Amino acid sequence: MLDIQLLRKDLASVVTRLGSRDFTLDAAHFEAIENERKDLQTRTQDLQAQRNTLSKQIGMAKSQGLDASDLMQQVPAVNTALVDLEARLGTLQNEMQTFLAGIPNLPQDGVPVGFNEEGNVEVRRWGQPRSFDFTPLDHIDLGESLELLDFPTAVKIATSRFALMRGDLARLHRALAQFMLDVHTSEHGYEEIYVPYLVNADSLHGTGQLPKFEEDLFKVGDNLYLIPTAEVPVTNIVRDEIIPIENLPIRLVAHTPCFRSEAGSYGKDTRGMIRQHQFDKVELVQMVHPNDSAAALEELTGHAETILQRLNLPYRVMALCTGDMGFSAARTYDLEVWLPGQNTSREISSCSNFEAFQARRMQARFKNEAGKNELIHTLNGSGLAVGRCLVAVLENYQNADGSITIPEALRPYMRGIERLQANK
RNA sequence: GGAAAGGUGGCAGAGUGGUCGAAUGCACCGGAUUCGAAAUCCGGCAUACGGUUUACCGUAUCGGGGGUUCGAAUCCCCCCCUUUCCGCCA
């Protein structure tokens, strides 16, 4: 959520900056409800003050044994006027909240301007795509011929966009998550954390998935949703909290499944493990002092890159352009890993600085140097998406005979085996 | 799922219709004392919003929502959550 003060003071510039991400802010509508709100609020508060004064006088009179009936006669008229004003003010304030909650974050200066992924800018590139002396297969052909990856059975059990892994492939999947957690906790200073996989609407509102993106979520029961990312439960740890300044920065890492309805992505990536209703992800989350968030994003992105480097998977870092960034982000880097079986790069991590956008929704604050409460800045990034990482390992480490070499870094998690072979 | 008790400021904990945004203690921040510190003493210390604009005024907030009343932390109704006991259970 943006600071409403900013809209009041500098509406024109907010409109311009949001325009760069292809969002049209209805400035006239804002000004209309803002003006009416101001008028209603001052009138309401004046009447409330009147009523409070009268009631106080009645109390004083009665405690002195005096007759208060004159005063008491004056109150109903005030109350009648108030009932109407308070109702209108309430409606208007809700309207304002809804309006504000639907506005995306302002892109930082320096974010490339563009309306779609065409506008993204490659920042750097790491690793050399391997050259094959045979035609590399994609992960589906590899996994299925090894009989370690089974989509039809997953469809039977659940529905499409689910996967079933067996044997050493399932183990490799687990190994990846373990490896990631170990690196982030022991080398990057993150605290490992285990969180609920169901969250309430308040939490989803705090990180920005609600109210706008309900259709992307799986809803369970009245007020619970399956998490679309660990970002939601982990970031909401600080909702409604005032954090002692010496506790910043907070760095948390969690390995969770993620559930996405993928509504509106019919026909997209229907084959394979790239786009699933359920996938595992190791998520990095940071809560930092506002002065430190820009540096923290670079650092956090580097933490995610470390995993790809240790696995020797070639990737590139993309600075997302204004129009391609998520709703809550002020700046985002995507990591795209090279997938030889598909002859393309695919997103495997998205690292974002949300500045105070989520913190304002969550009322997550710290006591600053002056002793005043100030909103923290939040960041997060995948470190990494486990399922897509598995895809990358399969495709990059495949051999001519269809077996998969286990990356060195994962062997300690794989009982030392060096290859994935056909399931026997 | 059944029964009971309870949800008040950073924490603990008073407050059962009026001058209560809320006693007291702890924590925290200033100051005094001290060579310095501890102890002691004095003062300050919730949040959000609005108006005015450095220090001011107003409004709202005592789990959430609704109601009664001139007036609600306090009374009534609904919901949520917590704790304890019972049942069930990984």
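So you know, we letter chains A, B, ... as the sequences are listed, proteins then strands, and number each from 1. What you see is a predicted model, and the numbers here were worked out from it, not measured in a lab.
For the 3.5 Å distance criterion, the side chains of Asp334(A) and Ser350(A) qualify, holding a donor opposite an acceptor. No side-chain donor from either of Thr207(A) and Glu231(A) sits under 3.5 Å from a side-chain acceptor of the other. Checked by atom type, the side-chain pair Ser186(A)/Asp182(A) shows no donor-acceptor distance below 3.5 Å. For the residue pair Gln48(A)/Glu86(A), the side-chain donor-acceptor check at 3.5 Å is satisfied.
Comparing rG15(B) with rA4(B), their C1' atoms are spaced 24 Å from each other, to the whole Å. With both ends at atom C1', the span from rG9(B) to rA5(B) equals 23 Å, rounded to whole Å. Taking atom P on both nucleotides, rC80(B) is separated from rG65(B) by 15 Å, rounded to a whole Å. When the P atom is used for both rU40(B) and rC49(B), the distance is 38 Å, rounded to whole Å. Look at the P atom in both rU74(B) and rG58(B): the space between them is 23 Å, to the nearest Å. Of the C1' atoms belonging to rC78(B) and rC26(B), the separation is 37 Å, rounded to the nearest Å. The P atoms of rU68(B) and rC77(B) are separated by 15 Å, rounded to the nearest whole Å. For rG21(B) and rA73(B), the C1' atoms lie 10 Å apart once the distance is rounded to whole Å.
Gln41(A) places its CD atom 11 Å from the P atom of rC49(B), with the value rounded to the nearest Å. Note: CD1 (Ile4(A)) to C1' (rG51(B)) measures 15 Å, nearest angstrom. Per the geometry, CG belonging to Leu40(A) stands 18 Å off P belonging to rU59(B), to the nearest Å. What separates CG of Asp67(A) from C1' of rC70(B) is a distance of 13 Å, to the nearest Å. Atom CG in Asp3(A) sits about 12 Å away from atom P in rA48(B), given to the nearest Å.
Backbone-only engagement by Gln5(A) is indicated by non-hydrogen atom pairs under 4.0 Å involving sugar-phosphate atoms exclusively. The residue Lys62(A) sits close to a base: some heavy atom pair falls under 4.0 Å. If you check every strand for non-hydrogen atoms under 4.0 Å, Asp46(A) touches nothing. Note on Arg43(A): nothing from the nucleic acid sits closer than 4.0 angstrom, heavy atoms only.
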Got a list of protein N/O to nucleotides 61-69 of chain B N/O distances below 3.5 Å?
none

What nitrogen or oxygen pairs link the protein and nucleotides 10-14 of chain B at under 3.5 Å?
none

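Using a 4.0 Å cut-off between charged nitrogen and carboxylate oxygen, Glu187(A) and Arg310(A) count as a salt-bridge pair. For Glu262(A) and Arg161(A), the salt-bridge test fails: no basic side-chain N is under 4.0 Å from an acidic carboxylate O.
Every residue was checked against the ring-ring contact (aromatic ring centres under 6.0 Å, His included) condition with Tyr225(A), not counting sequence neighbours, and none meets it. Checked against ring-ring contact (aromatic ring centres under 6.0 Å, His included), Phe115(A) has no partners two or more places apart in sequence or in another chain. Legend: residues meeting ring-ring contact (aromatic ring centres under 6.0 Å, His included) with Phe151(A), ordered by chain and number and at least two apart, are absent. Looking at residues two or more places apart in sequence or on another chain, you find no side chain to side chain contact (heavy atoms under 4.5 Å, CB included) involving Thr80(A). In this view, Arg271(A) and Asp138(A), Ile140(A), Asp141(A) satisfy the side chain to side chain contact (heavy atoms under 4.5 Å, CB included) rule, not counting sequence neighbours.
Using cut-offs of 30° and 60° for the angle between ring planes, the His188(A) and Tyr190(A) rings count as perpendicular.
Base pairing annotation: rC88(B) forms no Watson-Crick or G-U wobble pair, as no partner gives both donor-acceptor distances under 3.5 Å. rA14(B): no Watson-Crick or G-U partner with both key distances under 3.5 Å is found in any strand. Across all strands shown, rU82(B) forms a Watson-Crick or G-U wobble pair with rA5(B), both key distances being under 3.5 Å. The base-pairing partner of rC28(B), taking Watson-Crick or G-U wobble contacts with both distances under 3.5 Å, is rG44(B).
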Can you give me every donor-acceptor pair (side chain of residues 195-205 of chain A, partner residue at least two apart or in another chain, under 3.5 Å) with its distance?
unit_1    : atom_1 : unit_2    : atom_2 : d
Asn200(A) : OD1    : Asp202(A) : N      : 3.3
Asn200(A) : OD1    : Ser203(A) : N      : 3.0
Asn200(A) : OD1    : Ser203(A) : OG     : 3.2
Ser203(A) : OG     : Arg239(A) : NH2    : 2.8

Donor-acceptor pairs under 3.5 Å, side chain of residues 293-302 of chain A to any protein atom, not counting sequence neighbours: which ones?
unit_1    : atom_1 : unit_2    : atom_2 : d
Ser293(A) : OG     : Asn353(A) : ND2    : 3.1
Ser293(A) : OG     : His377(A) : ND1    : 2.8
Glu298(A) : OE2    : Tyr333(A) : OH     : 2.7
Glu299(A) : OE1    : Arg251(A) : NH2    : 2.9
Thr301(A) : OG1    : Leu297(A) : O      : 2.7

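Listed by first and then second residue, the salt bridge (Lys or Arg N to Asp or Glu O under 4.0 Å) pairs that reach into residues 53-82 of chain A come to none, sequence neighbours excluded.
Against RNA chain B, the stretch residues 71-94 of chain A makes heavy-atom approaches under 4.0 Å through Met72(A), Val75(A), Asn79(A). Of the residues in residues 48-60 of chain A, those lying under 4.0 Å from RNA chain B by heavy-atom distance are Gln48(A), Ala49(A), Arg51(A), Asn52(A), Ser55(A), Lys56(A), Ile58(A), Gly59(A).
Residues Arg365(A) and Lys38(A) both approach RNA chain B. Their nearest nucleotides, taken by heavy-atom distance, put Arg365(A) toward the 5′ side.
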